[in-house]
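This report concerns only the one structure given below.
All chains are named by letter (A, B, ...) in the order of the sequence lines, taking the proteins before the strands, and each is independently numbered beginning at 1.
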There are 2 protein chains.
Amino acid sequence: MKLTANKIAGLLRQHGYKLTPQRWAVLNVISHRHDHLTPAAIYDRVSQEHPGIGLVTIYRTLEVLAELGLLCKVHVEGGCRSYLMRRPSVHHHHLICSGCGRVVDFTDCALNELEQRLSRETGFEMKDHLLELYGHCQNCQKIA
Amino acid sequence: MKLTANKIAGLLRQHGYKLTPQRWAVLNVISHRHDHLTPAAIYDRVSQEHPGIGLVTIYRTLEVLAELGLLCKVHVEGGCRSYLMRRPSVHHHHLICSGCGRVVDFTDCALNELEQRLSRETGFEMKDHLLELYGHCQNCQKIA
DNA sequence: AAATAATTGAAAATTATTTTCATTTAGACA
DNA sequence: TGTCTAAATGAAAATAATTTTCAATTATTT
């Protein structure tokens, strides 16, 4: 189920995007991690392999990859922008370690029933939801 | 259960804060609304009653009021900062109309079971969660 | 009424992100 | 393979949101 390099390449081309070394470098950094990263953090890491890349390019690349559904955004307290490779292709949510940023995906959010009840009670037509769980992973429990 | 002016005044003083006209003006705007407002929106409204107030003061007041637990933050897409008078004193969440910003509070988030299961499966120690539901209120359904 | 610590507003500073624009380049095609 | 063109890049400037600094003001305590 994992996205191969070829599939990503094809997906970009299908949408009229080019496959640049800079985009590969960004994908390369993000896809090997299980934690969420801000644009600035991605920039730092990509710069090591690809010095001279501009932070603007990171922003633009993240926008494109998110548009293609390859990335997930994570909210977390404070700043709102942090990204992560999208792993499940279906609707899912994130369990996030507040210590190290590691993210575990889960797919059953158990909100249907709640949404139906609230819809009945309030007359709202439900559209979407934002759900993130926070905790400490086993490793960070030891440290703390 | 509603917070009276006196209670708010006492709460501020207990924490060494002063009761200024500017703070009253901000509270006055927020407490009469059922939708969430950004600092800039609050500034606009407060300015009408209290011209000459600085946007900085809005930011500082919101920080103080949030620290005292009188306000809730709402996340919503895009910008991360939007505030709302805190109504239930207990743990609760928000159902938000994407049309008009109206917010309905609900207290049973039904996540305990999910959290327990994920904790068992992943070894994470659960700490907190972020949950917001989005939809359209009855009024906004008519309009759209 | 005086003393004092907190608060205010203006302006400057910071941070995050976006826009502009001239230059370069990936991919299509001759 | 070389040429062409639209897309992408990077530098710099622009924008937006928020925070800091600081001198002047004011709410509360005494």
Using heavy atoms to find the nearest nucleotide of DNA chain D for B:Val56 and B:Pro21 separately, return the residue whose nucleotide is more 5′. B:Val56
Is a donor on one side and an acceptor on the other found under 3.5 Å between the side chain of A:Gln141 and the backbone of A:His136? yes
Under the 3.5 angstrom rule, does the side chain of A:Thr57 hit a backbone N or O of A:Ile53 as a donor-acceptor pair? no
B:His94 ring center near B:His36 ring center (under 6.0 Å): no
According to the interplanar angle, ranging from 0 to 90°, do the rings of B:Tyr17 and B:His15 count as parallel (below 30°), tilted (30 to 60°) or perpendicular (above 60°)? parallel
Does the plane of the ring in A:His129 sit parallel, tilted or perpendicular to the ring in A:His91? Use 30° and 60° as the thresholds. perpendicular
Which nucleotide in the set [options] lies at the smallest distance from any side-chain heavy atom of [X]?
X: A:Pro39; options: C:dG27, D:dT18, C:dT17; value: C:dT17
X: A:Lys18; options: D:dT9, C:dA26, D:dA27; value: C:dA26
X: B:Arg81; options: C:dT8, D:dT28, D:dT19; value: D:dT19
X: B:Thr20; options: D:dT28, D:dT9, C:dT7; value: C:dT7
X: B:Arg23; options: C:dA28, C:dT25, C:dT7; value: C:dT7

Please state how far atom [atom1] in [X] lies from atom [atom2] in [N], giving the value in whole angstrom units.
X: A:Ile8; N: C:dA26; atom1: CD1; atom2: P; result: 18 Å
X: B:Tyr17; N: D:dT29; atom1: OH; atom2: C1'; result: 19 Å
X: B:Leu55; N: D:dT20; atom1: CG; atom2: P; result: 15 Å
X: B:Ile58; N: D:dA16; atom1: CD1; atom2: C1'; result: 18 Å
X: B:Trp24; N: C:dT8; atom1: CH2; atom2: P; result: 14 Å
X: B:His15; N: D:dT28; atom1: NE2; atom2: C1'; result: 17 Å
X: A:Arg13; N: D:dA6; atom1: CZ; atom2: P; result: 19 Å
X: A:Leu19; N: D:dT9; atom1: CG; atom2: P; result: 10 Å

Residue list, side chain to side chain donor-acceptor pair (under 3.5 Å) with A:Asp128, at least two apart or on another chain: none
Close residues, residues 59-67 of chain A, relative to DNA chain C [heavy-atom separation under 4.0 Å]: A:Tyr59, A:Arg60
Do the side-chain N or O atoms of A:Gln22 get closer than 4.0 angstrom to the phosphate oxygens (OP1, OP2) of D:dG10? yes
Side-chain N or O of B:Thr57 versus OP1/OP2 of C:dT8: is the shortest distance under 4.0 Å? no
Kindly calculate the angle separating the two end axes of the helix from C:dA1-D:dT30 to C:dA30-D:dT1, each obtained from five base pairs, and round it to 10 degrees. 30°
A:Arg117 and A:Glu121: CA distance, side-chain angles, deciding distance, salt bridge (charged side-chain N to carboxylate O under 4.0 Å, His left out) verdict: CA-CA 6 Å; A:Arg117 208 201 69 225; A:Glu121 289 176 10; 2.9 Å; yes
Test log, rule side-chain contact (heavy atoms from CB on, under 4.5 Å), inputs A:Glu132 and A:Val74: CA-CA 8 Å; A:Glu132 285 182 3; A:Val74 157; 4.0 Å; yes
If only side-chain N and O atoms count, and only distance matters, is there a donor-acceptor pair under 3.5 Å linking A:Arg87 with A:His34? yes
Tell me yes or no: between the side chains of A:Tyr43 and A:Arg45, is some donor less than 3.5 Å from an acceptor? no
